[in-house]
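Only this structure's heavy atoms are used, side chains among them; waters, hydrogens and symmetry mates stay out. Every chain is numbered from 1, with letters handed out A, B, ... down the list of sequences.
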Amino acid sequence: MFDIFGNFEQDLEKEKKAMERVKEAEIKKKAKQYEPSWEEVWITGYPTSTGNHKKGIFQTKITGKDAERLKAVKTAIENEEIGTEVESLKKFSKSHALNLYKKLMEIRRAEIIKEYIENMPDNYHLINTHEQMEWVENMLDVAYVNGQYVGLDTETTGVEWVDRTVGVSISFMNDTHVYIPYGHVTDVPQLTQGFVSKKLKKHLERQGIKLILHNSKFDAHMLLKDGINIRENIFADTMVIQAILNENEESFALKNIANKYGRFFNYHDESLTFEELFGKNPQNFIEADMRLATYYASKDTHLTLLLFQWQLSMMEKQPNLKSVYFDIEQKITPVCIDMEDIGFDVDFHFGEEYKNELQRQVDDLEVKIKKVFGDININSSQQLQAVLYDKMKLEDVSGKRSADAKTLKKLAKKEPRIKLILDYRELKKLLSTYIEPLPQKVRPDTKRLTGVFNQIGTVTGRFSSKDPNLQNLPYKARHLFKAPEGFLIYGIDYSQIEPRTLASMSGDSGLRHPYLEGIDLYATLASNTFGLEYEACLEKDDETWRKSGLPKHPRKMMKVGLLASMYGISVPSLGESLGISVAEAQKFMDDFYKAYPRMTEWMDEVVKFAEENSYVLTLHGRKRRFIGFKETARQYHAYVRRISNLLGRKLEDSDNIWRLEIPRDLKRKFWDVKKEYSRVARQAVNAVIQGSASEIMKIAMIKVREYLKTKEGWKLLATIHDELLFEIPVTATEQEIRELEAIMIDAVKLEVPIKCDVETAQVWGKGVPFAEYLEKGMEVFA
DNA sequence: GTTCCGTGCAA
DNA sequence: TATTGCACGGAAC
């Protein structure tokens, strides 16, 4: 009986399923015939023949660059610049769109090239005869005699040390712009490199000619290979000036600056970049139509001259900035060129030995680690996380499954074998980032290792360094660099330059006191903050502070504490880094600020200034701008007032916002604004101190360069923020070294004395105090 | 090949 | 939930 019903039910079920299949088939058929709309393809998506939903292109995961490309393609198709190139929009996928982007760029490029050639301005000239060269020389003469600006730029085979100049463009104030090729691959006649170099050398090295370039260091290095030294005549570098006018600039490429500000100097052009025109391979430029090359090259110097004149007018309105450029940055450029040209002497023998030794140790550790943690790639944080947190089930102390050194050190307390990974990381980093690659990066022509120093590499005024970064070499990697036979390396560093700057600028007599008296800064600060005797705060006294109940040695606390106040650290972070409780950290900072009221007041004033002006000023008038801070500050203070009203009392900095009895939504909004406000407030105070200290160094470097000109064989090798490195003949006298030190000390007059420490070394990083070297002689290095 | 992320070095 | 930087290796596209 049940069977019958069972069968019946089964039949019914079959029937139902059959009908569903028909329905599905119909849907599929419909979907197959379905032609998605333009909107669906890009934005909303549409149903597919398999019954799934096809996502719109913008609904899929897209990286920033691709998003831009896709938008460009969409717009180009909508404007009928290109077609979709598919029969059905169903075939229009993201990858198809990205392919279309390449085509689109190709079409635009061809279009622009054609246009450039057709519309060549009649004041752009190709120079390829002796008569024309004579004409150019005449104009250079006139410009020199009349003190007129001369725009200058080189075209090259690339940006490496092995690359060479293939042509030079020059722009004159009479609106004449020329390109002189000598290394192109072309049927068009060219003057020879030797001829052009000889002629240009005569004019470009003439003392006082006012050369205007964009990224002048590059051209200076390139021209030097043809025997032309322009570094003394770089009157203005428009890239550097732009950084003084706006340190927040997204891109300092000439074309980008021109596109952004061109309307202010009557330059209307959606100019393409070199890469957009010629692709990544410089060879394409060298082989390009000479008319196009002339157009492109001439336009660059033309543009540079126009940009400079606009920048000059902007600096006239802000005299501080004008002097920051002409008194500091302009004169720093040749110092950079010197350093980049000289470089370090490398100890290849030591490098080879050390490399092999490190390699052995790394291999050894790798074997041990794989035995313990399995066959994983130790360099992969992802794989390491999986082993530590999933396989070994270690406690996630960071809350983020971190595998960084800080976290691993904590984990190592429960699992000592993690120490192997820490050791591996340390040695592997040293080997693969420094010891192995650095010796290979020496310049082929000089066999010395040169880096690039960027005078506008930071928003505060400090230098940055790259290729390689000579400012962050670990101690052990510094040993790769030595003084050549007959020379010594000298390191002269400013002692506590940032605290001194703070003491000077804030006018806090308490802060100035230890410097004026020549006693220990941190012990003095600790003495005043904790109310202990000065003597008890020196680190040789390890007893008094214990009895007083302080959590750490007061001098050590003070070192971190002062740094904390200059960086604007949060109290919990200070507690963390000192290993004390938040309450203890809070009390510490309260006491510190109370002991140095003028310093505290000054910091508040800096923030207040930033709130009112959206920028702060350094000692020499450099600006650090915080766009939008006025508004952030307004919102922040409005929230503080609102919350204070709700609480019926003043909201304190030490209040924990999350524990207050106010609406949750308000807490979140306040938290976000406060975060941004505090971040900028920290940056503002730090920018004044760091920026002013960096100016002292820059001014010192300018004066040092003049001094070195009077010495045979003395070289400035590098700047590491508060330190200068020199290569100096062993024959140098104490008197001479003291003169050099004095130049740094006297570079800028502060309200406190400035002090330097001098170190002498044969190998970088293995130096001894100068006094010790004087006493013991070369023996001291044995 | 490009780009992002995590990590780690310096003052 | 600390300022300013740059380089490397892995991973995803």
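Of the candidate nucleotides C:dT4, B:dG8, C:dA11, C:dT4 has the atom lying nearest to any side-chain atom of A:Thr458. Among the nucleotides B:dA11, C:dA11, C:dT1, the one closest to the side chain of A:Arg462 is B:dA11. Closest to the side chain of A:Lys466, out of B:dG8, C:dC6, C:dT1, is C:dC6. Of the candidates C:dT4, C:dA2, B:dT7, the closest approach to any side-chain atom of A:Ala564 belongs to C:dA2. Checking C:dT1, C:dT3, C:dA7 against every side-chain atom of A:Pro572, the shortest atom distance belongs to C:dT1. The A:Ala403 side chain lies nearest to B:dT7 when the options are C:dT1, C:dG5, B:dT7. Counting only heavy atoms from C-beta on, A:Asp404 has its side chain closest to B:dT7 among B:dT7, B:dA11, C:dC8. Checking C:dT3, C:dG9, C:dC6 against the side-chain heavy atoms of A:Asn379 singles out C:dG9 as nearest.
Residue A:Ala477 is out of contact with every strand shown, counting any heavy-atom pair closer than 4.0 Å. At the heavy-atom level, A:Gln383 lies under 4.0 Å from the strands shown only through sugar-phosphate atoms. Across all strands, A:Arg682 comes closer than 4.0 Å only to sugar-phosphate atoms, never to a base (heavy-atom distances). Within the nucleic acid shown, A:Gln690 comes within 4.0 Å of at least one base atom, counting heavy atoms only. If you check every strand for non-hydrogen atoms under 4.0 Å, A:Asn472 touches a base. Within the nucleic acid shown, A:Lys409 has no heavy atom closer than 4.0 Å to any nucleic acid atom. Using a 4.0 Å heavy-atom criterion, one finds that A:Glu426 contacts no nucleic acid atom at all. Residue contacts for A:Pro474: at a heavy-atom cut-off of 4.0 Å it reaches the sugar-phosphate backbone alone, with no base atom in range. Counting any heavy atom pair closer than 4.0 Å across all strands shown, A:Ser678 reaches no nucleic acid atom. Within 4.0 Å of A:Leu473, counting heavy atoms only, lie sugar-phosphate atoms of the nucleic acid but no base atom. At the heavy-atom level, A:Val459 lies under 4.0 Å from the strands shown only through sugar-phosphate atoms. Heavy atoms of A:Arg478 sit under 4.0 angstrom from primed sugar atoms or phosphate atoms, though from no base atom. When heavy atoms are screened at a 4.0 angstrom cut-off, A:Asp467 is found touching the sugar-phosphate backbone but no base atom. Heavy atoms of A:Lys429 sit under 4.0 angstrom from at least one base atom.
With contacts defined as side-chain heavy-atom distances shorter than 4.5 Å, the pair A:Leu511/A:Leu525 qualifies.
Defined by atom type and a distance below 3.5 Å, a donor-acceptor pair is missing between the side-chain atoms of A:Asn686 and A:Gln683. Side chain to side chain, A:Gln242 and A:Asn246 fail the donor-acceptor criterion of an N or O pair below 3.5 Å. In this model, a donor atom of one side chain and an acceptor atom of the other lie less than 3.5 Å apart for A:Asn248 and A:Arg624. For the 3.5 Å distance criterion, the side chains of A:Glu611 and A:Tyr677 qualify, holding a donor opposite an acceptor.
Partners of A:Asp672 under the side-chain contact (heavy atoms from CB on, under 4.5 Å) rule, at least two apart in sequence or in another chain, do not exist in this structure.
Taking atom NE2 of residue A:His721 and atom C1' of nucleotide C:dT3, one finds them 11 Å apart after rounding to whole Å. Counting to the nearest Å, the C1' atom of C:dT1 and the CH2 atom of A:Trp671 are 7 Å from each other. Atom CD1 in A:Ile378 sits roughly 11 Å away from atom P in C:dG10 (whole-Å rounding).
Listed here is the closest heavy atom pair of A:Tyr494 and A:Cys756: CD2-SG, 3.7 Å.
When the side-chain nitrogen and oxygen atoms of A:Gln683 are compared with OP1 and OP2 of C:dT4, one or more of them lie within a distance under 4.0 Å.
No N or O donor and acceptor, one from the side chain of A:Asn469 and one from the base of C:dC6, sit under 3.5 Å apart.
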